[in-house]
Amino acid sequence: MSTTVAMPDPQPIPPPAEIGAVGRITGMISAPKKTFADIARRPTWAAPFLLICALSLIVGVLIGQKTDWRSFFERQMNSNSRLDNTPQEQKDRIMDAQMKWAPKTAFVFALVGAAVSILLIALIYWGAFNLFKGAGLKFSTGLGITSHAFVPSSIGAVLAIVILLLKPRGEVDPEHFLASNVAAFLPDSAPHWLTVLGMSLDIFWIWTLLLIAIGFAAANTKKIKSGSAYSIVFGLWLLWVFCRVAWAAI
């Protein structure tokens with residue numbers, strides 16, 4: 001007489017432990033693919049979003065305080081051939097208006113610019129992956145990916161804050177205070193289109209684009225392969241750069 005031995009029921013595989021807000025931010029450096037997979041399961045965006053906005057605001061305030069705006073706008077006027085025939089009195093009025101509003105503009109742009117940039121980039125790439133790859137992602141997922149992908153900009157902001165605090169007033173160039181892009185190494189006589197191109201080739205921005213591609217590929221591995229993710233992310237960016245450079249050349 002045969003006997004059967006009852007096999008124990010297989011134990012369910014526990015879900016992976018969720019990564020906290022701080023872990024997700026640091027994970028952009030140490031383990032982006034794993035971190036983005038966790039973000040796709042439970043999208044969050046507030047922590048990196050607020051961190052980047054706060055750091056950008058500090059940078060904007062320091063730029064407004066440390067820049068010699070008169071010297072800066074004088075250099076801009078001297079390099080603008082369209083103002084060659086402008087009467088000096090009119091140039092002085094333009095200069096006075098620019099100096100009045102420049103510190104306030106730096107503050108407002110820092111306050112709003114980072115937030116708008118994250119939201120706009122999230123909307124563009126979320127729409128692109130849903131349209132071109134049928135990813136079916138929610139906007140909260142796209143915003144979570146993009147907000148965390150902007151973590152490199154917070155590193156750049158911290159470096160910028162240190163540099164701005166160390167430099168005396170008047171020695172800060174608000175356009176090139178952090179030498180993270182090619183434009184910072186171009187001469188002042190370089191054509192405007194080349195400067196625009198150089199500003200686009202920024203190490204922190206390229207790092208951010210790489211993270212965006214990794215993030216969307218991790219959000220839907222079945223429909224978004226790594227190669228197509230990089231193609232979409234960098235393809236749209238190159239199109240934007242081409243339009244900016246062409247406009248500057250015109």
Side-chain angles (χ1 to χ4, degrees), residues 52 55-56 59-60 62-64 66-86 88 90-91 94-95 97-99 101-103 105-106 108-110 112-114 116-118 120-121 124-125 128 146 149-164 166-167 170-213 230-250:
I52 293 165
L55 291 173
S56 298
V59 172
L62 288 174
I63 289 175
K66 294 276 189 169
T67 301
D68 182 351
W69 292 107
R70 177 171 292 278
S71 298
F72 172 70
F73 287 124
E74 283 178 349
R75 291 197 307 270
Q76 284 198 326
M77 284 186 172
N78 293 333
S79 62
N80 190 344
S81 58
R82 290 176 296 180
L83 296 176
D84 289 344
N85 298 323
T86 303
Q88 186 60 44
Q90 185 176 348
K91 288 183 179 181
I94 295 173
M95 177 76 70
Q98 289 176 324
M99 290 182 60
W101 290 104
T105 303
V108 173
F109 181 78
V112 179
V116 171
S117 296
I118 294 173
L120 184 60
I121 296 298
I124 290 172
Y125 283 121
T146 307
F150 266 73
V151 165
S153 68
S154 66
I155 299 174
V158 171
L159 293 175
I161 290 169
V162 173
I163 292 171
L164 290 169
L166 292 176
K167 282 193 172 185
E171 293 187 9
V172 172
D173 183 347
E175 291 183 324
H176 306 300
F177 56 89
L178 182 63
S180 62
N181 57 59
V182 176
F185 304 97
L186 295 175
D188 293 338
S189 58
H192 183 51
W193 67 267
L194 185 60
T195 301
V196 171
L197 176 60
M199 292 176 67
S200 301
L201 301 176
D202 184 277
I203 186 172
F204 294 109
W205 178 239
I206 294 174
W207 187 359
T208 294
L209 292 176
L210 289 170
L211 289 178
I212 291 175
Y230 288 116
S231 298
I232 290 174
V233 170
F234 281 92
L236 291 176
W237 171 67
L238 288 173
L239 178 61
W240 166 245
V241 172
F242 174 80
C243 291
R244 286 189 66 199
V245 172
W247 179 256
I250 293 173

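Note that the coordinates shown come from a computational prediction; the quantities given were computed from them, not determined experimentally. Residues: numbered from 1 along the sequence shown.
Taking CZ from Phe150 and CG from Leu211, the interatomic distance works out to 10.5 Å, rounded to the nearest 0.5 Å. Distance check: Leu178 CG to Asp202 CG gives 7.5 Å after rounding to the nearest 0.5 Å. Between atom OG1 of residue Thr146 and atom OH of residue Tyr125 there is a gap of 9.0 Å, rounded to the nearest 0.5 Å. Interatomic distance, Ser180 OG to Trp205 CH2, rounded to the nearest 0.5 Å: 12.5 Å. Going from atom CG of Leu186 over to atom CG of Leu194 covers 5.0 Å, rounded to the nearest 0.5 Å. If you take CG on Asp68 and CG on Asp173, they are separated by 11.0 Å, rounding to the nearest 0.5 Å.
The heavy-atom pair separating Val59 from Ala157 by the smallest distance is CG2-O, 3.8 Å. Minimum interatomic distance between Val151 and Ile52 (heavy atoms only, all atoms of both residues): N-CD1, 4.2 Å. Between Ser56 and Ala114 the shortest heavy-atom distance is OG-CB, 3.5 Å. Shortest non-hydrogen contact noted between Ala149 and Pro152 is O-CD, 3.0 Å. Taking each heavy atom of Ala179 and Ala184 in turn, the nearest pair found is CA-CB, 3.8 Å. Nearest heavy-atom pair across Asn181 and Gly198 is CB-O, 3.4 Å.
The aromatic rings of Trp237 and Phe234 lie perpendicular to each other, with more than 60° between the two planes, well past the 30° mark.
The local environment of CZ in Phe204 is crowded, with over 12 non-hydrogen atoms from other residues, nucleotides or ligands closer than 6.0 Å. Within 6.0 Å of the CG atom in Leu120, the count of heavy atoms belonging to other residues, nucleotides or ligands exceeds 12. In Trp193, the CH2 atom is not crowded: 12 or fewer heavy atoms of neighbouring residues, nucleotides or ligands sit closer than 6.0 Å.
Using a 4.5 Å cut-off on side-chain heavy atoms (C-beta onward), Thr67 and Val172 make contact.
In terms of modelled atom types and a separation under 3.5 Å, the side chain of Tyr230 and the main chain of Ala213 share no donor-acceptor contact. Side-chain atoms of Lys66 come within 3.5 Å of backbone atoms of Lys167 as a donor-acceptor pair (strictly under, hydrogens ignored).
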